[in-house]
Amino acid sequence: MKTAMKFLAHALVALALATTSCSKDGDVGPMGPQGSEGEQGLVGAQGPQGEQGAKGDPGENGEDGADGEDGNANVFFSDQFFPNWNGADTPRFKRMTITDSRFSQVINGDGAVAFVYWSTNNGTTFPLPWNSYNASGNITISRSYVLRGNDELWISIRKFGSDFEDTETVGKVGLVIYNQLRYIVVPSETLAAKSSLDYSDYEAVRAYYGISP
């Protein structure tokens with residue numbers, strides 16, 4: 001009987017301990033440490049920059065063009081000269097002959113024009129042909145030129161009603177210059193390019209081409 005009671009007592013104690021140690025839901029235990037993740041790999045070093053693609057070779061600069069010829073390069077002015085009546089020399093008619101290969105450009109139609117200028121002692125210059133008149137309007141002296149042959153220029157002077165005076169036909173009397181002449185040969189293309197220039201105006205022509213008086 002004592003043994004049965006003793007066994008029962010132990011059973012009750014065990015039951016009480018079991019009841020005390022277990023709650024209804026049980027307390028949540030502390031969270032365990034997070035499992036370690038695998039180590040992140042190191043970032044690789046940046047690779048070298050690729051070479052820049054080659055540019056196409058630039059075209060070579062063209063050579064500078066040659067300077068164009070001076071538009072006045074082929075224009076020819078003679079020096080001033082005195083009359084020399086080597087073709088005809090009479091009291092009322094005189095003619096001089098001038099030879100210059102440049103006249104062939106005009107005579108043979110190679111594209112040039114000739115002008116002749118006559119200067120007097122008072123500094124006035126007239127392009128030929130040039131006439132002098134009396135008070136009645138009649139011609140007293142005519143001056144003209146013509147191109148002949150291959151390379152000749154004829155300059156003529158004629159007086160009407162009386163003989164020439166020296167001052168009308170002679171280049172220089174004593175220290176005084178009375179008559180001088182000059183001619184100009186202008187290529188046609190230059191003449192066209194300078195169409196605004198009045199070749200009958202000697203002073204304008206001389207100034208334009210920088211010709212000395």
Side-chain angles (χ1 to χ4, degrees), residues 72-192 194-195 197-213:
N72 303 335
N74 296 324
V75 176
F76 173 76
F77 265 92
S78 73
D79 294 329
Q80 287 190 321
F81 54 91
F82 295 137
N84 175 19
W85 307 116
N86 55 7
D89 190 2
T90 68
R92 298 189 180 188
F93 176 77
K94 301 182 186 294
R95 184 182 69 232
M96 65 182 298
T97 301
I98 302 167
T99 302
D100 191 320
S101 61
R102 296 177 183 87
F103 296 141
S104 65
Q105 301 175 56
V106 184
I107 296 169
N108 298 322
D110 293 335
V113 180
F115 299 91
V116 181
Y117 301 98
W118 189 307
S119 299
T120 63
N121 67 319
N122 64 6
T124 303
T125 300
F126 301 91
L128 297 186
W130 163 45
N131 298 325
S132 298
Y133 298 86
N134 60 20
S136 300
N138 298 318
I139 296 177
T140 57
I141 300 176
S142 68
R143 306 166 186 83
S144 61
Y145 76 93
V146 63
L147 292 164
R148 303 271 301 183
N150 289 324
D151 54 7
E152 289 184 355
L153 172 69
W154 287 9
I155 298 176
S156 302
I157 182 170
R158 184 184 299 274
K159 190 169 184 179
F160 301 90
S162 63
D163 295 346
F164 287 116
E165 297 178 11
D166 286 347
T167 56
E168 294 170 335
T169 61
V170 175
K172 188 175 183 180
V173 178
L175 299 177
V176 180
I177 295 175
Y178 284 93
N179 299 283
Q180 292 186 104
L181 296 110
R182 168 176 274 166
Y183 58 87
I184 174 178
V185 178
V186 185
S188 296
E189 64 270 17
T190 303
L191 190 67
K194 307 295 186 297
S195 58
L197 181 61
D198 182 3
Y199 282 86
S200 67
D201 185 344
Y202 175 74
E203 291 303 320
V205 172
R206 188 180 65 79
Y208 183 87
Y209 289 109
I211 304 300
S212 60

Would the distance check show the side chain of [X] and the main-chain N or O of [Y] forming a donor-acceptor pair, the cut-off being under 3.5 Å?
{"X": "Asn122", "Y": "Thr124", "answer": "yes"}
{"X": "Ser132", "Y": "Thr140", "answer": "no"}
{"X": "Asn179", "Y": "Val170", "answer": "yes"}
{"X": "Trp154", "Y": "Gly87", "answer": "no"}
{"X": "Asn150", "Y": "Ser104", "answer": "no"}

Quiz item: Is any side-chain heavy atom of Tyr209 less than 4.5 Å from a side-chain heavy atom of Leu197?
Solution: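 Yes, at least one pair of side-chain atoms sits under 4.5 Å.
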
Which heavy atom in [X] sits nearest to a heavy atom in [Y], and how many Å separate them?
{"X": "Arg92", "Y": "Phe164", "value": "C-CE1, 3.2 Å"}
{"X": "Phe160", "Y": "Ser142", "value": "CE1-OG, 3.9 Å"}
{"X": "Glu168", "Y": "Ile157", "value": "O-CD1, 3.7 Å"}
{"X": "Leu181", "Y": "Phe82", "value": "CD1-C, 4.4 Å"}
{"X": "Pro127", "Y": "Ser200", "value": "CG-O, 3.4 Å"}
{"X": "Gly171", "Y": "Pro83", "value": "CA-CD, 3.8 Å"}

Quiz prompt | Residue pair Tyr202, Arg182: steps toward the side chain to side chain donor-acceptor pair (under 3.5 Å) verdict | solution = CA-CA 10 Å; Tyr202 175 74; Arg182 168 176 274 166; 2.7 Å; yes

Quiz item: Going through the checks in order, is the side-chain contact (heavy atoms from CB on, under 4.5 Å) test met by Tyr199 and Tyr117?
Solution: CA-CA 10 Å; Tyr199 282 86; Tyr117 301 98; 4.1 Å; yes

Practice problem: Return yes if a side-chain donor-acceptor contact under 3.5 Å exists between Ser136 and Asn138, otherwise no. | Solution: no

Quiz item: If you measure from CZ on Phe81 to CD1 on Ile98, what distance do you get to the nearest 0.5 Å?
Solution: 3.5 Å

Practice problem: Can you measure from CD (Gln80) to OG (Ser212) and round to the nearest 0.5 angstrom? | Solution: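 It is 7.0 Å, given to the nearest 0.5 Å.
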
Quiz item: Mind checking whether Tyr183 and Tyr145 have ring centres under 6.0 Å apart?
Solution: no

Practice problem: Might you work through the side-chain contact (heavy atoms from CB on, under 4.5 Å) test for Asn121 and Thr167, ending with a clear yes or no? | Solution: CA-CA 9 Å; Asn121 67 319; Thr167 56; over 6 Å; no

